[in-house]
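Some notes on the structure that comes next.
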Amino acid sequence: MRQKIHISASKYIQIIKKNAHALVYIIFLYYLCTGYEGEVSMKKYIVFLWVCLLSAGMQAMTIPQGSLYFDNSKTGYSTVKMVYGRDDVSETHVLDMSFDGQKWAVSIAQAVNDIYRFTFVGGDIQAGTYDQRFSDFKEYVSHTLNYNRTATSEAQMNAGDIFVPQTGDNWAQGAWQSLGYWESQQETTPGTASISGTLPVVYLNTTGNVAITSKEEYVTGSLYIDPLSTNYKALGSAEAPIAGQFKGRGNWTWTGFDKKPYRIKFDKKQAVLGMPSNKHWCLMAHADDCLGFLKNYAGYQLSEALGLKWTPKAVPVELVMNGEYYGLYFLTEQVRVGSNRVNVTEQEDYATDSVSGGWLVEIDNYEEEGNVTLFEQNAQEVWFTMKSPELLSASQRTYIESQLHSLNEAIWGNTDYPLWEMMDLDEAVKFYLVQELMEDCESYHGSCYLYKERDRNGMSEKWYFGPVWDFGNAYNRGWNTWIYDSPTFPQYWIGQLATWPQFQARLREIWYMFRHDQQSDFLTAMDKLATLIKQGAKNDAAKWGGTLNYCDNSNMTAKHNEFVNKFNWRTEWLYQQWGEGTRPATYDVEQAASPLSDTSIKRIQDGQLVIIRNGKTYTASGTLIGDL
């Protein structure tokens, strides 16, 4: 039995407007078919042209009264504006949207008819009405303001619908969905403040269950690790835990959050979760990481991929302290001198002989007693904290002050002593490329390490940048500027280092190798981590959600997509600056004969990694999906 479909008069008008151009051609064909003896009169041509001009000005859309929503999980915009307008007159509207913790929303007070198209913009444009055609305004947004946006669309919407982009790319296509359907697809099952069962569990117990409240004073206790169903080996047990000492660590991460990081010092060296033996470890909270706990791990993965001499390793775990669940942490190798860490000779405090090394120093963001201080040529004051040795004799202080002053002079070209005979070029370039890939605006300001081995056989050893450490401020500023251009924090030395021709030449070679050899593997590693910690992140949010400055990463799918999109935007921008790079003369890696061996763009599309090349879409393994 057929059902009658009732369509209102206003709906008929919308259908006619929506299909205005099709009606034009029907009218034209009608006139052709009804011409006298096959002739088409000039009058009919004029009527045809008149209808064409009339239809060109017809607008097809209505913005309905009520609430509309935007799913930002793939696009990862820092703020969202809805933009719609007309093209027959100079009129474009920009609306503010608000975030409710899951989606962006805008309320339309009164329906707006005869609209040409709309888009959603990831940029801080002032709300209001603009005296511009929509087509001109969207070009202004893209090419003058350089904001990302969705592809323009004339898709009709209903009140309460949510616009869902298909990818996180600039000009991403998308579609409207009912809010109910969209909500049914989200990760809405909350975690619980308890062990997820998917990660190793660190059981830390302090003597007398005293709280860890100091960064300076250790408290005694013990620790054991249950690997559960993972492939790691246990460390100790409930019956025979490992003795150690524990205290707080960090600066802002210690004072700015209720979820805090800790340092571990075992009484004896221990090999932990597949990492080499050492006494000193960190439990990193990453409470400041709003990209799914992925930023530091990503920086370490990039450092390893580029081949820096030593990179800290980190393993995700869950922490239970004194019987209480503390959430998701990363058990991490501490930066320090050692045969399995920064492998230079360990120099004693207050030594007076052989003071040329080894050295481990930090470009710091705090002035403290014992710092070595110097000034760059641009009058920027730089503080260096001694990490090894920590307490200096007069001989050690004289040596290190002379070395750092000479480096500073060489970097700024104020000496005949060649810079690259004092500093290792490869490590400087690799360290820098990691920071640019991570868009880390604090990379040469605090937690920026350099080290040097003891001089041997009358030959001076070079200074090396590294290891990488803190990526808490990665992707916090923007993706289309150098890390040393108008930085949020002072970026010591790097702005000048980047002007050296040798630096730039080697940078393009290492960039070439990264694009061809490591980029895809890096994204695969991040996919695996996001999957591994998914439930742990939910349970962490159940424990710490709503506490001081805490970042909620309970929806790891959305956070992972946001991270990948930011990384891809960054690499695409770097490609615009450096191109393909320079193939090194010694580079002999055979490139596979596949559609992915040339310049390509990686995207997350419908939750999957795809490759875009020459207008076609491929799977990550190279299988053609179809045209873009």
Side-chain angles (χ1 to χ4, degrees), residues 74 76 168 196 198-200 227 230-232 272-276 282 284 286 289-317 328-333 430-431 433-440 466-472 474-475 510-537 553 555-572 574 589 592 596 600-605 607-611 618-622:
K74 291 184 178 179
S196 69
T198 60
L199 299 169
T230 67
N231 293 324
Y232 295 109
V272 180
L273 298 177
M275 295 178 281
C282 298
M284 306 297 287
H286 297 325
D289 186 347
C290 296
L291 286 178
F293 303 105
L294 300 177
K295 291 197 287 189
N296 265 50
Y297 191 88
Y300 299 165
Q301 287 291 313
L302 290 171
S303 174
E304 286 197 339
L306 293 176
L308 271 81
K309 290 186 179 297
W310 180 72
T311 300
K313 294 179 175 61
V315 176
V317 299
L328 175 63
Y329 278 73
F330 283 73
L331 189 55
T332 307
E333 293 180 299
K430 291 173 183 177
F431 184 89
L433 181 52
V434 172
Q435 313 307 325
E436 284 290 12
L437 287 167
M438 293 297 295
E439 204 283 300
D440 187 0
V468 300
W469 181 244
D470 182 6
F471 293 92
Y475 302 125
I510 294 174
W511 167 246
Y512 179 95
M513 291 187 285
F514 172 74
R515 279 181 55 79
H516 284 262
D517 298 338
Q518 290 111 20
Q519 187 169 343
S520 179
D521 290 343
F522 164 75
L523 289 171
T524 299
M526 298 313 297
D527 293 348
K528 290 180 179 178
L529 177 67
T531 300
L532 180 64
I533 66 175
K534 185 174 183 178
Q535 189 59 48
N553 292 306
N555 188 340
M556 274 302 302
T557 300
K559 293 296 184 177
H560 173 232
N561 286 339
E562 184 180 354
F563 170 84
V564 171
N565 290 330
K566 287 178 182 291
F567 176 80
N568 284 339
W569 296 336
R570 185 61 177 173
T571 53
E572 287 182 32
L574 291 173
V589 177
L596 311 184
S600 58
I601 299 172
K602 294 177 175 62
R603 294 179 180 173
I604 294 294
Q605 182 169 300
Q608 301 296 319
L609 175 67
V610 298
I611 310 297
Y618 300 85
T619 66
S621 61

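All values derive from a computational prediction rather than experimental measurement.
Residues H560 and A530 share a closest heavy-atom pair of CG-CB, 3.6 Å. The minimum heavy-atom distance linking P467 with W310 is given by the pair CB-O, 3.4 Å. Taking all atoms of both residues into account, the shortest heavy-atom contact from N296 to G472 is OD1-N, 3.9 Å. Residues T198 and G536 share a closest heavy-atom pair of OG1-N, 4.4 Å. Residue D289 comes nearest to L294 through the heavy atom pair OD2-N, 3.0 Å, listed as atom of the first residue, atom of the second, then distance. Pairing each heavy atom of P316 with each of L532, the nearest pair is CG-CD2, 3.8 Å.
Distance OG/S303 to CD/Q435: 9.0 Å, rounded to 0.5 Å. Rounding to the nearest 0.5 Å gives a distance of 7.0 Å between OH of Y300 and CZ of F471. Between the CD1 atom of I533 and the NZ atom of K559 there is a distance of 12.0 Å, given to the nearest 0.5 Å. Here the straight-line distance linking atom OG1 of T571 with atom CH2 of W511 works out to 6.0 Å at 0.5 Å rounding. Rounded to the nearest 0.5 Å, atoms CG (L437) and CZ (R570) are 8.0 Å apart. To the nearest 0.5 Å, atom CD1 of residue I510 and atom CG of residue D517 are 12.5 Å apart.
Contact of the Q535 side chain with the L199 side chain is not registered, since no non-hydrogen atoms from C-beta on lie closer than 4.5 Å.
Remark: the backbone N or O of K313 is paired with a side-chain donor or acceptor of E333 at under 3.5 angstrom.
In this pair, H286 and F330 present their aromatic rings tilted. The plane angle is within the 30 to 60° band. Using bins of under 30°, 30° to 60° and over 60° for the plane-to-plane angle, the ring pair F563/Y475 lands in the perpendicular bin. In this structure, F567 and F514 have perpendicular ring planes: the angle between them is above 60°, well past the 30° mark.
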- [ ] In sequence, state the C-alpha distance, the side-chain angles, and the governing distance for M513 and L306, and then conclude on side chain to side chain contact (heavy atoms under 4.5 Å, CB included).
- [x] CA-CA 9 Å; M513 291 187 285; L306 293 176; over 6 Å; no

